[in-house]
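So that we are looking at the same thing, I have put the structure below in structure tokens.
Sequence lines set the chain letters: A, B, ... in the order given, protein chains first and strands last, and positions in each chain run from 1. No hydrogens, no waters, no symmetry mates; every other heavy atom, side chains included, goes into these values.
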Amino acid sequence: MDAKEIIARRVALEVKDGMLVNLGIGLPSMVANFLPDDVDVFFQAENGVIGLGARPPEGMEDADLTDAGGAFVTAVPGAASIDSAMSFGLIRGGHLDMTVLGGLQVDERGYLANWMVPGKMVPGMGGAMDLVAGAKRVVVAMVHTQKGKPKIVPECTLPLTALRRISLIVTEMAVIQPTEEGLVLREVGPGVTVEQVQEATSANLIVQDVVQEMKLA
Amino acid sequence: MDAKEIIARRVALEVKDGMLVNLGIGLPSMVANFLPDDVDVFFQAENGVIGLGARPPEGMEDADLTDAGGAFVTAVPGAASIDSAMSFGLIRGGHLDMTVLGGLQVDERGYLANWMVPGKMVPGMGGAMDLVAGAKRVVVAMVHTQKGKPKIVPECTLPLTALRRISLIVTEMAVIQPTEEGLVLREVGPGVTVEQVQEATSANLIVQDVVQEMKLA
Amino acid sequence: MKRATKVEAAAELIPEGSTLLIGGFMGVGSPHRLIDALVERGVGGFTVVANDTAMPGTGIGKLVTAGLIARAVVSHIGLNPETQAKMISGEIDVDLVPQGTLVERIRAGGVGLGGVLTATGLGTPVEEGKQVVEVEGRRFLLEIPIRGDFALIAAKSADYKGNLEYSLTAHNFNPVMALAADTVIAEPHTILPVGAIPPDAVKTPGVLVDHLLEREH
Amino acid sequence: MKRATKVEAAAELIPEGSTLLIGGFMGVGSPHRLIDALVERGVGGFTVVANDTAMPGTGIGKLVTAGLIARAVVSHIGLNPETQAKMISGEIDVDLVPQGTLVERIRAGGVGLGGVLTATGLGTPVEEGKQVVEVEGRRFLLEIPIRGDFALIAAKSADYKGNLEYSLTAHNFNPVMALAADTVIAEPHTILPVGAIPPDAVKTPGVLVDHLLEREH
């Protein structure tokens, strides 16, 4: 199983029945593939659909039904079309139960940086700042290191996405929960040791007695 | 012709083709009866319909289609249902071309008081403050005096409805335009003299060379 | 999926002293069966946020008559002499808010805004005690969010996901209130199978609705 | 009633240097025929307010390629390398705004609010130069209204009163932009007779729409 699949499978376990969930583009969108059948959730895309479904069969695409990345999608029974004011009203107003986003850095305060690298990459924040500021739970799904360099750091050096402590970090090596006391290591990846996680992390990790190995959906 | 009909007929001449118009309850609502046939306007009621039509025939009322006073109405072809956020978005956002309201007092600054008499009548402002603050044109339709006492006064003694100079006062005795310089007497009612208007008005009136007699629709 | 609730069971959910956002405009678009059940049950001390208190014998007017309201945050009480009498006697604490400001304050509470700036109310008693903020040389009142413990709303139809449609002037405050309460109880005239409401017709996404009343018999 | 306009005639209405609010999300729900006509005409220097600049060859991306944009107020340019290159070279001045804040600023401009308070952007580069307002102990950014000289919007269908319906994720910024410009030009896929769109289906009331493009051939 590659790193991305491990992450997507682990994040899928965070999705509970009845939730309204926003999945970011890329890795986070893979989470939808690993949900148990008995979990009844609505996926929201910030461009304006609640009840996002799978890709349509070829030839059945609709130019007016895409996800936030512009890819063709379908709508499940009971879906709703909303405009951007309602879409972000739901996000900022705390109606979104969970958002799963990628990350460039997360620090010991639980702050996320995921929208720009000054001088290199300035794509714009899109909906990320509203999602991180407003969703009930913010789960960051990312590979643990970037070209060997830790992404979980003492303090973000990149511009922050929001002044909000995120809820959970899921990487292929670990599940880490930001708390008021700092970053608590909750689980390690398949075959990964606590020491290996610590080596790949420049932030201080709080290691409690029991660190379980990740369950995967 | 009684005072109210004179007022309603004169106000009707202010309604131009293509306008979106809000008529208050009572006297202002009579204006709709005197519009020329070739004037194509939309009436808005602040409770949420654009394209208010006449009363329905008996037996064809709908409990979900009323005006802001709770009276049954119809909807013209091309009508739109809107919620209160959109309704007042249109009002406050300057999308309403004209509102016609009753008045308790108007003063030399052109300020209107029409929503409460402290200690006597505290019905609440309803939509009046938004209408007066936000509509492009505010026309006050009222009888000239209240039990012989002038309603057009040097300075309102009743609580104001808004810090906004209204556009026009129409009574059975006069048409008066508030301007930066003060209240300009534009027209007198049928058979009414300038002196009679001045006597019934405690505010200073600016009387220019030509004061015409009201035309009535 | 939401199982439809009996009206008595829904009323039982609401503790004494709760803050209730109640839809409707002069009784049009109010949740009449819920209101009747609350009167039947007799638990009160409520803070009611609504456009108005309707008339005695109608909609929210029944809650007034039954003595269940301790505080009313409304734009208008002019057509309910009982509310006025109880305000004067001190039984009900009445907070009068301009209609457009009221709906924006509820919307702000629902969509996670910290407040909105409006010119409505400047220079009137509404200004008292409020922060005035200057933006590009213009003065505005800072109006802060309103939220409820419960929103009691009426709708034309629902599906079993909780998606709602509204009818004509029965929209009014209902769609905005659905955003702004911890628990949303919707009273539809009818309930349709999931998928029977097209996505573009949904005005309140089902994710906002916690309880759905059984359809009318 | 609104006579449908030819797309070339609509493009001619727009002077050099205008501020344009343009609907669409990655090209979905953008007014494609209007954009093509603007490119054909070649007059530019526009300030474009939109969710994004799509991709080269799509929607607003065509305006970027044609060099018609002097300033872009957008949430995201990540999928258009041409916009990024022109930002770096200084040809386009790019103002990045969080998506939820962008839509609320346009809404505020449309519904007559002087500004809105949001926590989105606090502690990030978005905070720079902005007034921070404290409400009940919490800090918020004061975000001020955005309006356009023109709104260029797309719709599923219109009637000859200008009432508009939208489809699925092609709603996005269109309904809000229809509120916030001096002149609104709507590009519907089809135009229906007046009365053919039920009042409850109207998302943008026709009174907001100034010009209607001829239907597609």
Side-chain angles (χ1 to χ4, degrees), chain C residues 29 98-105 107-122 129-147 155-157 164-172 174-176 179 189 197-205, chain D residues 29 98-105 107-122 129-147 155-157 164-172 174-176 179 189 197-205:
Chain C
Q99 204 166 120
T101 299
L102 185 61
V103 70
E104 283 299 318
R105 289 180 63 187
R107 180 178 184 273
V111 302
L113 296 175
V116 296
L117 305 184
T118 178
T120 301
L122 271 178
K130 289 195 181 132
Q131 198 172 332
V132 174
V133 178
E134 199 163 304
V135 178
E136 296 178 345
R138 288 186 60 198
R139 297 169 67 243
F140 296 95
L141 294 186
L142 171 58
E143 294 282 1
I144 63 174
I146 294 177
R147 283 187 59 87
K156 175 171 71 177
S157 54
L164 303 180
E165 292 183 287
Y166 304 94
S167 169
L168 299 165
T169 55
H171 283 69
N172 55 68
N174 289 297
V176 168
L179 286 158
H189 285 300
I197 303 180
D200 292 344
V202 174
K203 299 253 174 105
T204 294
Chain D
Q99 203 166 123
T101 299
L102 185 60
V103 70
E104 282 299 320
R105 289 180 65 188
R107 181 179 183 274
V111 302
L113 296 175
V116 297
L117 305 184
T118 178
T120 301
L122 272 177
K130 290 194 181 131
Q131 200 172 334
V132 173
V133 177
E134 201 163 302
V135 177
E136 295 177 345
R138 287 186 60 199
R139 296 170 69 242
F140 296 95
L141 294 187
L142 170 58
E143 293 283 1
I144 63 173
I146 293 177
R147 284 187 58 88
K156 176 170 68 176
S157 54
L164 303 180
E165 292 184 288
Y166 305 94
S167 169
L168 299 163
T169 55
H171 283 70
N172 56 68
N174 289 296
V176 168
L179 286 158
H189 285 300
I197 302 179
D200 291 345
V202 174
K203 299 252 174 103
T204 294

**Report entry** Top contributor to chain D contacts, counting heavy-atom pairs under 4.5 Å, from A108(C), G114(C), G100(C)
**Finding:**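 Option with the top pair count is G114(C).
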Requested in this report: For each of S167(D), P145(D), G112(D), tally heavy-atom pairs with chain C at distances under 4.5 Å, and name the one with the top tally.
Outcome: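 Of the candidates given, the most pairs with chain C belong to S167(D).
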Requested in this report: Starting at CD of E104(D), measure out to CZ of R107(C) and round the result to the nearest 0.5 Å.
Outcome: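 Between E104(D) CD and R107(C) CZ, I get 4.0 Å after rounding to 0.5 Å.
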Query - Winner by heavy-atom pair count (cut-off under 4.5 Å) against chain C, out of L113(D), V111(D), L141(D), T118(D) - result: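 Ranked by heavy-atom pairs under 4.5 Å with chain C, first place is L113(D).
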Requested in this report: Look up atom CG in D200(D) and atom NZ in K156(C), then write down how far apart they are to the nearest 0.5 Å.
Outcome: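 So the CG of D200(D) and the NZ of K156(C) are separated by 4.5 Å.
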Query raised in the report: Using non-hydrogen atoms only, which part of E143(D) is less than 4.5 Å away from chain C: side chain, backbone, both, or neither?
Result: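 The answer is neither part of E143(D).
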Query - Pick from L168(C), I144(C), V133(C) with the largest number of heavy-atom pairs that fall under 4.5 Å of chain D - result: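 Looking at each option in turn, the highest pair count goes to L168(C).
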Report task. Report the residues that fulfil side chain to side chain donor-acceptor pair (under 3.5 Å) with T204(D), sequence neighbours left out, ordered by chain and then residue number. Result ->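 Per chain and number, T204(D) pairs via side chain to side chain donor-acceptor pair (under 3.5 Å) with Y166(D).
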**Report entry** Toward chain C, the part of V116(D) with a non-hydrogen atom under 4.5 Å
**Finding:**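 Interface part for V116(D): both.
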Query raised in the report: Checking E165(D) against chain C: side chain, backbone, both or neither under 4.5 Å from a heavy atom?
Result: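 E165(D) has no heavy atom closer than 4.5 Å to chain C.
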Query - Contacts of R139(D) that satisfy salt bridge (Lys or Arg N to Asp or Glu O under 4.0 Å) - sequence neighbours left out - result: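 For R139(D) the salt bridge (Lys or Arg N to Asp or Glu O under 4.0 Å) partners, ignoring immediate neighbours, are E127(D).
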